[in-house]
Amino acid sequence: MTKDALIDDKDNLFLQIIPKRTLESVYLSDSVYRPCAELLDEMEHRDLLREKNMEPRNKLLMVGTPGNGKTTLAEALAGELDYPLYIVRYDNIMSDDIGKSADRLGKVFEAVKGKQCALFFDEFDTIGKSRNDQHDNSEFKRLVSSLLVQIDHLSTDVLVMAATNLESALDNAAWRRFQIKVQLERPQREDLTRWFIDYEKKHGFEFGVPAEELAESVYGKSYSDAEELGQSIYRQMIIHPDEDPEEITRRQMRFHKHQKNIF
């Protein structure tokens with residue numbers, strides 16, 4: 001997929017990405033990996049399914065706390081299909097004027113119509129919230145209804161993904177629109193240990209301390225925290241190649257812990 005395939009986004013409604021990740025590069029539990037692999041299998045064989053008057057599943061909802069890989073997974077799934085990824089920009093869509101918001105949302109779906117691409121709604125509860133919410137007026141409820149109708153009318157050539165950490169806030173109908181739902185949990189110690197081991201192998205260096213100790217230092221956090229620590233160590237090792245790797249690693253572990261305690 002080349003950049004020429006990207007949508008001409010004059011209204012700046014998307015963050016447009018040419019995916020570089022694959023599913024193998026994402027750390028997933030079996031309960032997440034298997035349904036995602038099935039989704040890809042169906043989309044890659046959609047012509048075969050259509051011969052039997054069947055359509056592939058193409059709608060995935062990811063649930064989980066921030067930093068546990070929902071956007072990374074969206075990029076990986078798009079990458080597996082060789083699709084460009086369009087992340088919807090709420091800051092340029094949502095407005096105090098619900099009518100304008102609806103028009104902009106309509107442009108999002110019009111832009112991807114007839115294309116083979118991936119459309120990602122991060123923080124989906126921002127726009128797909130329950131229509132039973134007493135604090136929202138009838139105009140907003142119509143906006144949610146319009147969103148659901150437009151999702152329904154998208155071709156199955158479009159992979160539609162959404163992510164939320166507030167699944168209880170989602171409209172029931174929005175929840176039902178997604179044929180596949182996965183829960184991305186915080187990584188366990190063994191998951192984090194494997195992450196640090198793989199990070200060493202990928203970059204061809206050694207932390208100088210056991211991967212289990214690094215994993216313990218970020219246990220209870222997210223993969224984003226592990227990546228932040230791993231990258232900070234690797235940067236310092238590049239800049240100071242003659243310094244003891246263990247000293248660099250332990251210094252960064254202390255600094256990382258201090259930063260997390262402050263904020």
Open item on the list: If you apply the rule salt bridge (Lys or Arg N to Asp or Glu O under 4.0 Å), what do you find for Arg251 with Glu247, and how did you get there?
Closed with: CA-CA 6 Å; Arg251 183 172 65 246; Glu247 287 296 321; 5.5 Å; no
Task: Heavy-atom pair of closest approach, residues Ala78 and Pro19 - done: CB-CG, 3.7 Å
- [ ] May I ask you to decide whether Lys70 forms a salt bridge with Asp122, counting only side-chain N to carboxylate O separations under 4.0 Å?
- [x] no
TODO: Decide if atom CD of Glu206 counts as having more than 12 heavy atoms of other residues, nucleotides or ligands within a radius under 6.0 Å.
DONE: no
TODO: Please check if the side chain of Lys115 supplies one atom and the backbone of Ala111 the other of a donor-acceptor pair under 3.5 Å.
DONE: yes
Open item on the list: Nearest 0.5 Å, please: how far is CD in Glu42 from CG in Leu40?
Closed with: 10.0 Å
TODO: Using salt bridge (Lys or Arg N to Asp or Glu O under 4.0 Å) as the criterion, list what pairs up with Arg21, not counting sequence neighbours.
DONE: Glu75
Open item on the list: Please determine whether residues Ile197 and Val26 belong to a single hydrophobic cluster, defined as Ile, Leu, Val, Met, Phe, Trp and Tyr linked transitively by side-chain heavy-atom distances below 4.5 Å.
Closed with: no
Task: Basic-acidic side-chain contact under 4.0 Å: Glu55, Arg46 - done: no
Open item on the list: For the residue pair Arg89 / Asn12, report whether a side-chain donor-acceptor contact shorter than 3.5 Å exists.
Closed with: yes
Task: Within the 6.0 Å centroid threshold, strictly below: Phe120 and Phe14 - done: no
Task: Min side-chain heavy-atom separation Thr22-Glu80 under 4.5 Å - done: yes
Open item on the list: side-chain contact (heavy atoms from CB on, under 4.5 Å), that's the test. Do Met161 and Leu85 meet it? Break it down for me.
Closed with: CA-CA 10 Å; Met161 297 174 285; Leu85 174 64; 3.9 Å; yes
Task: Side-chain hydrophobic cluster, 4.5 Å single linkage: members besides Tyr223 - done: Tyr27, Leu192, Trp195, Phe196, Tyr199, Phe205, Phe207, Val209, Leu214, Val218, Tyr219, Leu229, Ile233, Tyr234, Met237, Ile238, Ile248, Met253
TODO: Please report the shortest heavy-atom distance between Leu159 and Tyr83, naming the atom on each side.
DONE: N-CE2, 4.3 Å
Task: Between CZ on residue Arg177 and CG on residue Leu147, distance to nearest 0.5 Å - done: 8.5 Å
Task: Audit row: Leu105, Leu13, side-chain contact (heavy atoms from CB on, under 4.5 Å) steps and yes/no - done: CA-CA 8 Å; Leu105 188 61; Leu13 302 177; over 6 Å; no
Open item on the list: Pair Arg176, Asp152 - check salt bridge (Lys or Arg N to Asp or Glu O under 4.0 Å), show working.
Closed with: CA-CA 11 Å; Arg176 292 196 303 270; Asp152 282 343; over 6 Å; no
TODO: Show the numbers, then the answer: is there a side-chain contact (heavy atoms from CB on, under 4.5 Å) between Leu39 and Cys36?
DONE: CA-CA 5 Å; Leu39 179 147; Cys36 288; 5.6 Å; no
TODO: Just jot down the salt bridge (Lys or Arg N to Asp or Glu O under 4.0 Å) partners of Arg186, sequence neighbours excluded, or say none.
DONE: none
TODO: Report yes or no: do Phe109 and Phe178 belong to one cluster of Ile/Leu/Val/Met/Phe/Trp/Tyr joined by side chain heavy-atom distances under 4.5 Å?
DONE: yes
Task: Closest non-hydrogen atom pair between Arg50 and Ser155, with its separation - done: NH2-OG, 4.4 Å
- [ ] Check Asn165 against Gly64 and note the closest heavy-atom contact, atom names and distance.
- [x] CB-O, 3.1 Å
Open item on the list: To the closest 0.5 Å, what do you measure between CG (Asp82) and CD (Glu44)?
Closed with: 10.5 Å
Task: Working for side-chain hydrogen bond (donor to acceptor under 3.5 Å, both in side chains), residues Arg57 and Thr156 - done: CA-CA 7 Å; Arg57 290 175 292 177; Thr156 53; over 6 Å; no
Open item on the list: Please determine whether salt bridge (Lys or Arg N to Asp or Glu O under 4.0 Å) holds for the pair Lys221 and Glu228, giving the CA-CA distance in whole Å, both sets of side-chain angles, and the decisive distance to 0.1 Å.
Closed with: CA-CA 11 Å; Lys221 308 293 185 183; Glu228 183 181 324; over 6 Å; no
Task: Under 3.5 Å side-chain donor-acceptor pair for Glu212 and Thr193 - done: no
Task: Point-to-point distance, once rounded to the nearest 0.5 Å, from CZ of Arg254 to OG1 of Thr249 - done: 10.5 Å
- [ ] Without swapping roles, check the side chain of Arg34 against the backbone of Ser31 for a donor-acceptor pair under 3.5 Å.
- [x] no
Open item on the list: Contact between Arg250 and Glu213 at the side-chain level, heavy atoms closer than 4.5 Å - yes or no?
Closed with: yes
Open item on the list: Same cluster or not: Leu49 versus Leu154, using hydrophobic residues (I, L, V, M, F, W, Y) connected whenever any side-chain heavy atoms lie under 4.5 Å apart?
Closed with: no
- [ ] Would you please say whether a donor-acceptor pair under 3.5 Å links the side chains of Gln236 and Ser232?
- [x] no
Open item on the list: Apply side-chain contact (heavy atoms from CB on, under 4.5 Å) to residues Leu184 and Val63 and explain how you reach the verdict.
Closed with: CA-CA 6 Å; Leu184 278 75; Val63 178; over 6 Å; no
- [ ] Mark yes when over 12 heavy atoms from residues, nucleotides or ligands other than Glu190 sit less than 6.0 Å from its CD; otherwise mark no.
- [x] yes
Task: NZ/NE/NH1/NH2 to OD/OE distance under 4.0 Å, Lys113 and Glu110 - done: yes
Task: Side chain to side chain, Ile17 and Ile87, heavy atoms closer than 4.5 Å - done: yes
